[in-house]
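The next block holds one structure in the form of structure tokens; read it before the comments.
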Amino acid sequence: MLLEQIQRRIKKDFRERVKELFAVEVAEPAMSVPPSLELGDLSITACFELAKTLRQPPRKIAEQIAACRFEGVERVSVAGGGYLNFHLDRAGFAVSLFDSRSSRDAAPRPTPQAGKIVVEHTSINPNKAAHIGHLRNAVLGDTFARLLRFRGHCVEVQNYIDNTGVQVADVVVGFRNLEGRSVEEVRQLAASEGKRFDYYCWDLYAKVFEWYEREPAALEYRTKALHAIEEGRGEIAEIGAVVSDAIVRLHLRTMRRINVAYDLLVRESEILQLKFWSIAFELMKQRGAIRLESAGKNRGCWVMDLDPETTEPKEDTGEDTKVIVRSSGTVTYVGKDIAYHLWKFGLLGRDFHYRRLDISLNGSPVWQTATEGDPDAPPFGRATAAYAVIDTRQSYVQHVVATAFRALGYHEQAANLHHFAYELVSLSLDCARELGLPVGEEEQQKGAVDVSGRRGWGVKADDFIDTLTAQAIAEVHRRQMAEGPEQEQEYGRQIAVGALRYFLLRFTRRTMIVFDFKDALAFEGETGPYLQYTVVRAQNILRKYAEVHPEFHASELKTLVAEHQLKSFLAEGAFWELVFLAGQLELTVDQAIAAEEPAMLAKYAFRLAQEFNNFYHRHRVLTEPDEVRRSCLLYVVYLVAETLRRALDLMGIEVPERM
RNA sequence: GCGCCUGUAGCUCAGCUGGAUAGAGCGUUUGCCUCCGGAGCAAAAGGUCGCAGGUUCGAAUCCUGCCAGGCGUACCA
């Protein structure tokens, strides 16, 4: 039995034993791991609570339960005032784990009736290069999608492209009104091999903002450009399309470097052209989710009440209402977001058309919404649950979308609409100075500088990946581990990606990352390369052993070690500790999913690596004279190596052949 | 004003649904290469878990109130 099954079994047995012994029904007990292995492997504290209803000391209750038999458990002990501790059948556990780790399919196959989970992430405005903050979003979302797939969920990853918004309009203003460029010139610039187009737009966007500040009258161009782009006609719209299409491709290229993939790009232009909003609008009017405000500051707007519980008419401050349609009749951003989310759940009664892009990510095709497209496109959307990876500043908007769902009567969907909120990445003072950014008194006090696209303040994603890769390659070169420059490049790339992804994952979502080159470029300590190195070490043992024993295959270790041999070997606490920890991967992933916290997996992987390195240091495997013991040691090495490899794969981190 | 989030070692951060002695990395000090390659291992030092109450057999964790930060609270996206 694997750990999750064992736990389920113990919980069930516990309830039955309690019922038999004391004739009371209890809720499913919480399980935890005792602080030390001598105490046991799993623990239940429910006897403390039972003490009240049964009017008996908790320890006495625990002792009575401990005397009963539990399936898959070798022994039950009582500790302290009434802790009930379970000691597992170690050899049996190791054998099941071995079967699981040596099987080809890491993840159970998704069952179609279980529904689909849409994970939306990245969603960068397509008007400039991606920066380090965008990488955090993408890595969090990509990892979370991997976790869900690993646990057998059907997952669809969407990347929302706001190609008709003001940010694109601003860059169009830059090209047209500031630089006086034609569509053709912009097209050529986008296609040119020289300076990167997204970098060019990064600077241009900042210049446009300076211009607006210098000459507020220029803002008129922005409004005009925005309208033209929304309508999708004329030269302005064409420049907008050229800009956003080119930049989306560059963003995909950046994300591909760090193993991030998408199934579908949802573009706002199609939401507009296919009239998704007007359908949503009708629906909201019909169901009374929104109302036309007749007085107050929101007079003439369609608004939604944010707190439907309070039926009292509000004094017309408009505080508890949100404008969905402006008095001019145009829809706000929130309105479009509501329409998009209704579509995600298949509640709009209408679909996009889809076109396949000539790009593949992680070996899978990427699709994009279109007004007319490929009839063979897979059925996108129609989710039963959705996670939107969006920074914490947008909590309000996400709240509004969920409120709209409830106002429409979609309570179940509203409950399955998750805002995967994370804190921003800011720049350390050292980092800001290195980039030549001004550090004012406010920043000084705060100890960090906010990333600002409008000002062009930030660490560009590709620049950072380049720096990281160059440094990793230098390390590989210094250690002379690679067999040629090509392999050096490849190892360096893998190590750089490992360092980057782990760096972004080790922080919990709610922690603001203050980006500093010194920390982010570290390859030692709690870092991705440390984890990769650990797997390489384990792999080296298995490889070297196979060199001397050509008939050896790691996956056949099971036949080399009898269960009773494993049993006496695992009687040694340190070995069992490692095996037991390796068996907690799935449980950890479940917790990470429930808590929407990929960092939990990162921490787990690091702990496992640490314990393995300790083992590695204390025990020589290849020179072990006792053949049985040697096989047992190899058994442990294999279990940890495979577990760690899977954990790293879930984080999108590859393992180099050598380090 | 209101809403959400945060406050744990010198620094950066973990601490899962309340559980047994509060952990890790970095930095500091000190050891460990007859080795499966040191991107490593071990040890030492370092804590009024922001403050004050409360609930509980038990609180870093839950509740209340303060204090200090951050982010929201547009007919911007």
Within the 4.0 Å heavy-atom criterion, would you say [X] contacts the bases, only the backbone, or no part of the nucleic acid?
X      : value
A/K518 : nothing
A/D162 : sugar-phosphate
A/R59  : nothing
A/M512 : sugar-phosphate
A/T511 : sugar-phosphate
A/E597 : nothing
A/R620 : base

Select one nucleotide: of [options], the one nearest the side-chain heavy atoms of [X].
X      : options             : result
A/N614 : B/C41, B/A20, B/C16 : B/C41
A/E526 : B/C76, B/A39, B/G25 : B/G25
A/F48  : B/G19, B/A20, B/A39 : B/G19

Nearest-angstrom distance, [atom1] atom, [N] to [M]:
N     : M     : atom1 : result
B/C51 : B/C4  : C1'   : 22 Å
B/G69 : B/U29 : C1'   : 34 Å
B/A74 : B/G50 : C1'   : 35 Å
B/A9  : B/A14 : P     : 13 Å
B/G46 : B/G37 : P     : 38 Å
B/G3  : B/U64 : P     : 11 Å
B/C66 : B/G58 : P     : 27 Å
B/A44 : B/C5  : P     : 39 Å

> Taking the six-membered ring for Trp, does A/Y616 stack with B/G40 (centroid gap under 5.5 Å, planes within less than 30°)?
Replying inline: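 Stacking is absent between B/G40 and A/Y616, given that the ring centres and planes do not meet under 5.5 Å and under 30°.
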> Does the distance from a Lys or Arg side-chain N to an Asp or Glu carboxylate O, for A/D391 and A/R393, drop under 4.0 Å?
Replying inline: yes
> Are A/E293 and A/R291 close enough for a salt bridge, meaning some N to O gap below 4.0 Å?
Replying inline: yes
Base of [N], side chain of [X] - is there a donor-acceptor contact under 3.5 Å?
X      : N     : value
A/N613 : B/A42 : no
A/S43  : B/A20 : yes
A/S327 : B/C75 : yes

Parallel, tilted or perpendicular: which describes the rings of [X] and [Y], with under 30° parallel and over 60° perpendicular?
X      : Y      : answer
A/F281 : A/W302 : perpendicular
A/Y616 : A/F612 : tilted
A/F552 : A/Y545 : perpendicular

> Can you check whether A/Y530 has a side-chain N or O nearer than 4.0 Å to OP1 or OP2 of B/C41?
Replying inline: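 Yes, because at least one side-chain N or O of A/Y530 sits under 4.0 Å from OP1 or OP2 of B/C41.
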>> On the nucleotide B/A39, are OP1 or OP2 found under 4.0 Å from the side-chain N or O atoms that A/Y533 carries?
In response: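 For B/A39, OP1 or OP2 has a side-chain N or O of A/Y533 closer than 4.0 Å.
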